[in-house]
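Encoded as structure tokens, the structure appears first; notes follow it.
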Amino acid sequence: MMVYMASPITDIDRMPRGGPDASCVDRLLQTDRPEYLDRDDVDDGTKRSVIRALEWTGEFFGNTEKFARIVLDEVAEVPDPKILELGSGHGGLSRKLLEWHPTAELTVTDVEPASVAAIAAADLGEHQRATVREMDATAIDAPDGQFDLAVFAFSFHHLPPSLASRAIAQGTRVADKLVIIDLPRPPSPLHILRLAAMLPLAPVVPFVHDGVISSLRTYSPSALRALAAHADPAIEVQLRGGLLNPQVVVASRR
């Protein structure tokens with residue numbers, strides 16, 4: 001694990017997803033095209049199919065449990081942690097955290113009203129230690145320091161640089177730690193191979209369609225450091241993982 005405190009960038013929206021030092025090829029491997037989950041002109045059925053696929057893959061490949069361990073490791077010294085999940089989608093991570101930690105309190109949020117309604121209508125909506133709310137990660141409706149930890153898992157790449165930076169600022173304002181877990185951005189040759197394997201199915205499978213765009217929109221470690229520095233030079237970030245594993249950022253204010 002390494003700790004970085006990067007220099008700020010003035011025009012953050014011009015920064016490539018590969019970061020300020022991105023190669024020419026890496027700068028081409030990005031897109032502003034929205035995923036189905038980000039579009040208002042896509043029916044809820046298509047969006048729910050993507051969310052169901054995310055939930056299934058999270059369980060099948062063990063990602064939900066892996067992410068829960070990452071979160072719980074960060075609050076291991078907190079007796080009764082208050083945890084905020086941002087961009088929860090299907091609520092699977094919060095569900096696992098409640099199952100594994102007997103005293104944790106979860107605030108489960110998403111910016112999409114349909115996702116929030118679906119989570120609230122399921123078991124999380126009745127759980128005594130869970131609160132389900134509609135909330136924007138870039139404008140968190142909570143006082144400073146309300147949570148011990150905020151987690152943003154596999155949704156951070158949906159945000160363009162200025163909003164991503166704002167989400168880091170907001171997450172570290174309301175929580176002692178902000179944990180971001182997202183897709184790794186591999187070196188360009190491996191990235192091209194990953195995209196080539198996915199592209200044939202993208203026109204017909206909504207989950208793969210969004211996966212291709214997610215891969216093009218995910219941030220590199222240098223980009224994540226620049227986003228944090230732009231949010232506030234006082235924010236310190238620790239980065240780990242990447243390449244074949246999800247990349248993890250732990251951000252906090254000094």
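Computed from a prediction, not measured in an experiment: that's the story for all the values here.
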Only one of Leu224, Ile180, Ile181 passes side-chain contact (heavy atoms from CB on, under 4.5 Å) with Gln247, and that residue is Leu224
query: So which of Val249, Thr138, Ile235 actually passes side-chain contact (heavy atoms from CB on, under 4.5 Å) with Ile168?
result: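 Testing Ile168 for a side-chain contact (heavy atoms from CB on, under 4.5 Å) against Val249, Thr138, Ile235 leaves exactly one candidate, Ile235.
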Under 3.5 Å, is there a donor-acceptor pair between the side chain of Arg217 and the main chain of His158?
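Yes, because the side chain of Arg217 sits within donor-acceptor range (under 3.5 Å) of the backbone of His158.
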Atom [atom1] of [X] and atom [atom2] of [Y]: how far apart are they, to the nearest 0.5 Å?
X: Leu124; Y: Leu106; atom1: CG; atom2: CG; value: 8.0 Å
X: Asp80; Y: Ile83; atom1: CG; atom2: CD1; value: 11.0 Å
X: Ser115; Y: Leu37; atom1: OG; atom2: CG; value: 7.5 Å

From the list Arg17, Arg185, Arg194, His157, side chain to side chain donor-acceptor pair (under 3.5 Å) with Ser215 holds only for Arg194
If you look only at distance, which donor and acceptor atoms sit under 3.5 Å apart when one is on a side chain in residues 196-206 and the other is two or more places apart or in another chain?
none

Kindly write out the residues that satisfy side chain to side chain contact (heavy atoms under 4.5 Å, CB included) with Val174, not counting sequence neighbours, or none if the list is empty.
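Val174: side chain to side chain contact (heavy atoms under 4.5 Å, CB included) contacts with Leu84, Ile140, Ala142, Phe147.
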* All side chain to side chain contact (heavy atoms under 4.5 Å, CB included) counterparts of Ser188, not counting sequence neighbours ->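 Ser188 satisfies side chain to side chain contact (heavy atoms under 4.5 Å, CB included) with Ser23, Val25, Asp26, Leu29 only.
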Considering residues at least two apart in sequence or located in another chain, which fulfil the salt bridge (Lys or Arg N to Asp or Glu O under 4.0 Å) criterion with [X]?
X: Asp232; answer: Arg253
X: Asp123; answer: Arg95
X: Asp32; answer: none
X: Arg52; answer: none

| So which residues get pulled into Phe61's cluster when ILVMFWY side chains under 4.5 Å apart are joined, directly or through others? |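 Its cluster partners, ordered by chain and number, are Trp56, Phe60.
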inquiry  = Starting from Tyr36 and following side-chain heavy-atom contacts under 4.5 Å between hydrophobic residues (I, L, V, M, F, W, Y), which residues can be reached?
reply    =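 Tyr36 clusters with Val42.
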Here the ring-ring contact (aromatic ring centres under 6.0 Å, His included) pairs for residues 97-142, sequence neighbours left out, are none
Do Val179 and Val78 sit in one hydrophobic cluster, given that two such residues count as connected whenever their side-chain heavy atoms are within less than 4.5 Å of each other, even indirectly?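 Val179 and Val78: one cluster.
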Applying ring-ring contact (aromatic ring centres under 6.0 Å, His included) to Phe152 and not counting sequence neighbours gives Phe156
Check your understanding: How would you list all residue pairs meeting side chain to side chain donor-acceptor pair (under 3.5 Å) that involve residues 81-92, not counting sequence neighbours?
Key ->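 Qualifying pairs, neighbours excluded: Glu85-Ser94.
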